[in-house]
Amino acid sequence: MSKVEFKNISKRFGSFLANDDISFGISGNTVHCIVGENGAGKSTLMNILFGLMKPDSGEIIIADKPVVFSSPHEAITAKIGMVHQHFMLIDDFTVLENVILGDEPVKGLSLDLKAAKEKVDALIFQYKLDINSSEKVTDLSISMQQKVEILKLLYRDSEILIFDEPTAVLSPVEVSSFFKMITSFKESGKTVIVITHKLNEVREIADKVSVLRKGRLVYEADNVSGNIDINELSKAIIGGAELIKIRPKSNSNSMKKPLLRLVDVSLVRGKRKMLDGLSLELFNGEILGIAGVEGNGQSELADIVCGIEREFTGTVELPDERASIVPDDRLKKGMIKEFSIGENLVLKKDGNSLHRMSTLRKASEEVIAEYEVRAPGPDIKTGSLSGGNQQKVVIAREIASGRSVMIFSHPTRGVDINAEMFIHSEIVKERNKGKAILLISSDMEELLSLSDRLSVIYKGKIERTFDSNELYAESQMPEQQDHRKEMLINEIGKLMTGVSN
Amino acid sequence: MSHHSKANTLSVLLSLIFTFMILTILILLIGKDPVEVYSLIYNDVFTSGYGIGQTLFKATPLIFIACGLAICFHASLFNIGAEGQLNAGSFVIALTAVQIESLPLILKLLICACAGFAAAGLVGLIPAVTKVKKGVSEVISTIMMNFVVLAVINYRMVDFFAVKSTLRTVSIGDDSLLGKASDLFPFFEGSSLNVSFIAALVVAALVYILIYKTTFGYKLRAVGFNETASRYIGVKVNKMILTSFFVGAGITALVGINYIFGYKGYYELGFSNNIGFTAIAVSLLAKNNPVGIIFSSILFAALDYGGLAVNQLIPKEVMLVVQGLIILSILSSDSIVQSYFKKRGLI
Ligand SMILES: Nc1ncnc2c1ncn2[C@@H]1O[C@H](COP(=O)(O)OP(=O)(O)OP(=O)(O)O)[C@@H](O)[C@H]1O
Ligand SMILES: [Mg+2]
């Protein structure tokens with residue numbers, strides 16, 4: 001018997017079919033993964049289950065009873081909870097206040113904060129969440145904020161927990177503790193649905209996986225103790241399409257000149273010293289990777305180089321007025337979601353000129369074609385694109401702006417394998433054109449496969465920079481290379497966490 | 001029509017219907033016959049040339065000011081300072097006109113409009129600078145600027161410019177006055193409607209193009225939607241704040257052309273009668289769209305003039321209540337309609 005059953009769910013946006021007659025069941029007491037390309041319709045399906053959208057046809061059956069939710073509130077009452085990719089927390093409230101918001105226990109006419117705190121603290125203890133319920137959300141890291149979102153669900157006794165790309169924002173250590181949490185939910189009888197792009201995560205946690213492509217259910221497989229065939233799975237995800245292979249490294253030893261130079265740059269935000277005498281040089285035609293645990297000054301470094309943060313000390317030398325940036329948070333920083341693709345491109349223009357609908361539409365169409373953006377039409381607001389497609393739009397726009405120094409901050413977060421390959425090859429293309437690229441990422445594979453040099457940042461300082469012959473040795477055998485890579489990752493991991501000194 | 005404009009039109013219609021219902025109830029409560037009141041308004045405002053003329057005349061300054069404000073509002077800059085800005089602008093227009101009395105009218109208009117624009121723009125620039133430099137909320141600083149500007153004008157007036165024992169400047173001369181509509185169309189006989197109304201329509205069209213069709217307009221709205229993202233994309237946000245305040249405030253000065261060149265021939269203290277605040281509502285009702293502003297200005301002007309017409313039956317302040325109700329109901333019907341459309345995935 002299925003805990004949740006989708007029956008012939010279809011959903012259109014205009015003429016675009018985002019969910020196309022999807023039917024499958026999710027058994028109770030399991031972890032069920034949903035995978036698929038960007039724009040495959042995963043979030044849409046979950047939004048329907050959570051009552052955020054109504055399907056055009058089809059029905060949802062929960063514990064053998066057909067249900068119709070017209071709002072998330074009704075879904076929550078039916079013990080369904082969802083953690084969105086973009087958290088919905090009130091920064092100035094404490095953890096406790098955020099958790100009880102909308103479902104406050106009352107005694108007489110006043111809030112019964114004491115009872116609420118007891119319940120929340122008991123949950124924190126039961127699931128080993130390791131979080132302080134009286135801390136303010138502003139002071140929490142991303143992974144802690146995610147725990148607050150999870151607490152919200154637990155507090156409402158949700159039995160079906162939906163996570164939309166939960167690991168996209170987590171570091172490797174945080175991912176494994178997140179998985180432990182997921183397992184303990186399953187053990188306590190809950191049903192967990194996880195949307196993800198990372199197939200090794202599927203292998204690690206899923207009991208079953210469903211693959212969506214272009215709005216349809218195309219593949220399903222069980223995963224018993226990690227025996228799932230990853231190759232089959234990735235084939236199902238991308239359909240007939242070939243994966244784009246990563247290109248070889250550039251080895252042009254032509255005249256290199258530094259395009260970006262930071263000397264002894266420090267920055268204090270609030271009371272915290274975010275950058276502490278950081279120096280680095282970035283040459284034309286190279287990709288400099290920045291590895292580090294999030295919150296060690298990466299975003300401040302990016303803000304300074306792209307000219308948003310000016311309250312620093314030290315010197316920054318740049319060829320242009322500013323570097324262009326693909327920021328870490330595309331919704332908040334990367335685009336105007338009320339604008340179409342073409343309209344977003346207008347913002348890069350200097351001077352003042354008239355813009356006609358038809359030319360804007362043409363600009364949108366060009367980006368859609370060149371970057372393989374999955375969009376129902378050229379006029380769609382960028383806010384309605386799926387996450388990975390939004391990222392492609394941001395990248396297209398920044399590349400088109402033609403600055404010689406570019407920052408890519410977590411460029412493939414929440415992006416499917418195909419788009420990831422595509423984005424990687426775009427970054428490399430720009431490098432080969434002679435641009436200087438600063439690549440900030442917490443994805444070690446990404447850093448190692450793209451960086452010509454790699455710096456490790458820790459507490460606002462560059463701990464160490466690996467140059468290209470430390471990163472790559474040409475003439476080694478494959479197994480030697482694997483060994484070498486493992487050593488390298490080990491070493492970098494130590495530098496990132498400050499263990500090495 | 002896109003779903004967005006459908007949603008907008010629907011919410012405006014809903015709020016007008018709602019307001020109309022409340023107004024009817026109010027009239028009943030006062031003990032008057034709604035049919036009688038409405039037919040009086042209809043006859044006075046819409047059937048006589050004089051009524052239509054006066055309504056359009058009263059709409060003219062609203063169009064100017066609301067278009068100026070719309071520029072600021074699109075950038076999410078809540079400019080409450082139109083009252084001060086338009087007074088500074090009009091005052092300077094009156095003073096300039098006297099200085100260049102001998103020039104041909106068209107040149108005089110042009111110079112006066114530019115001078116007034118600059119004066120009002122500078123008044124608007126002050127809160128913009130404090131916002132950009134020190135993060136002072138423009139809501140507070142623009143309100144305060146209203147008091148400052150009016151106090152300064154008061155003081156200069158009494159000491160230097162006022163005609164003895166009045167609160168107005170010297171006249172700019174009869175031959176400087178703009179042509180009245182009734183000169184061409186006797187239909188408007190007696191009303192003060194003049195060429196400035198056409199100018200207001202032209203300004204509305206230009207502001208529409210500026211906001212929705214130009215690079216500047218896209219950047220302006222980008223800042224209004226998401227300031228942080230605008231910065232990352234590379235829009236010079238501070239420059240946008242300064243220019244939109246300057247241009248938006250500058251446009252409000254054009255009411256001085258209507259009043260001084262088109263109507264009285266001089267600047268008079270208190271002439272604006274808080275129209276700078278009414279225009280905020282006018283702009284909001286039109287969703288800050290200059291074309292919509294033309295209609296909402298005419299609606300507010302009709303209410304204003306209609307209030308006078310029915311004053312014998314019901315207190316004309318009832319029309320102020322109506323203006324307030326329109327704003328309140330548009331805000332609420334907006335969120336209702338928006339969520340209705342969102343749920344169906346239409347916007
Ligand atoms: N409100 C909307 N209006 C119009 N189109 C929409 C809307 N929401 C989603 N879409 C479209 O439906 C398709 C599926 O979107 P969805 O967000 O479900 O994809 P996804 O599988 O979650 O992708 P990703 O992995 O990138 O998050 C996309 O092409 C998107 O552009
Ligand atoms: Mg999604």
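Worth saying up front: this structure is predicted, and the values here are computed from it rather than measured. Hydrogens, waters and symmetry mates play no part in the numbers below; they use all other heavy atoms, side chains included.
Heavy-atom neighbours of chain A within the stretch residues 114-127 of chain B, taken at a separation under 4.5 angstrom, are nonexistent.
A/Leu347 touches chain B through backbone and side chain together, each having a heavy atom under 4.5 Å away. When heavy atoms are compared at a cutoff of 4.5 Å, A/Lys349 approaches chain B by way of both its backbone and its side chain. In this structure, chain B has a heavy atom under 4.5 Å from the side chain of A/Leu360, while its backbone stays farther away.
Every residue two or more places apart in sequence or in another chain that forms a ring pair (Phe, Tyr, Trp, His ring centres under 6.0 Å) with B/His74 is listed here: B/Tyr212. The salt bridge (charged side-chain N to carboxylate O under 4.0 Å, His left out) test applied to A/Glu59 returns no partner, not counting sequence neighbours.
No hydrogens or angles considered: a donor-acceptor pair under 3.5 Å links the side chains of B/Tyr232 and A/Asp303. A donor atom on one side chain and an acceptor atom on the other are found under 3.5 Å apart for A/His355 and B/Thr215.
When all heavy atoms of A/Leu354 and B/Ile209 are compared, the closest pair comes out as CD2-CG2, 3.5 Å. Across B/Ala229 and A/Ile336, no two heavy atoms sit closer than the pair CB-CD1, 4.2 Å.
Rounding to the nearest 0.5 angstrom, the gap separating the CG atom in B/Asn226 from the NZ atom in A/Lys332 is 10.0 Å. One distance of note links CD of A/Glu343 with CZ of B/Arg221; it measures 6.0 Å at 0.5 Å rounding.
Without hydrogens or angle criteria, A/Asn352 side chain to B/Thr214 main chain gives no donor-acceptor distance under 3.5 Å.
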Could you walk me through whether B/Arg231 and A/Glu309 satisfy the side chain to side chain contact (heavy atoms under 4.5 Å, CB included) test, starting with their C-alpha distance in whole Å, then the side-chain angles of each, then the deciding distance to 0.1 Å, before giving a yes or no?
CA-CA 10 Å; B/Arg231 279 185 207 280; A/Glu309 179 60 75; over 6 Å; no
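The candidate from A/Gly334, A/Ser401, A/Cys306, A/Ser353 with the greatest count of non-hydrogen atom pairs under 4.5 Å with chain B is A/Ser353. Per-residue heavy-atom pair counts under 4.5 Å with chain B were compared for A/Glu338, A/Met335, A/Arg330, and the maximum is reached by A/Glu338.
Counted within 6.0 Å of NZ on A/Lys348, heavy atoms from surrounding residues, nucleotides or ligands total more than 12; the atom is thus considered enclosed. Environment of CG in B/Leu107: crowded, with over 12 heavy atoms of neighbouring residues, nucleotides or ligands closer than 6.0 Å. Heavy-atom contacts from other residues, nucleotides or ligands closer than 6.0 Å to CD1 of B/Ile140 number 12 or fewer. More than 12 heavy atoms of other residues, nucleotides or ligands sit less than 6.0 Å from atom NZ of A/Lys381.
Residues A/Arg397 and B/Ile233 meet the side-chain proximity criterion, which asks for heavy atoms closer than 4.5 Å.
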Which pairs of donor and acceptor atoms, one on a side chain in residues 289-297 of chain B, lie under 3.5 Å apart (sequence neighbours left out)?
| from | atom 1 | to | atom 2 | distance (Å) |
| --- | --- | --- | --- | --- |
| B/Asn289 | OD1 | B/Val291 | N | 2.9 |
| B/Ser296 | OG | B/Val282 | O | 3.0 |
| B/Ser296 | OG | B/Gly292 | O | 3.4 |
| B/Ser296 | OG | B/Ile293 | O | 3.4 |
| B/Ser297 | OG | B/Ile63 | N | 3.4 |
| B/Ser297 | OG | B/Ile293 | O | 2.7 |

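For A/Lys333 and B/Glu227, the salt-bridge test fails: no basic side-chain N is under 4.0 Å from an acidic carboxylate O.
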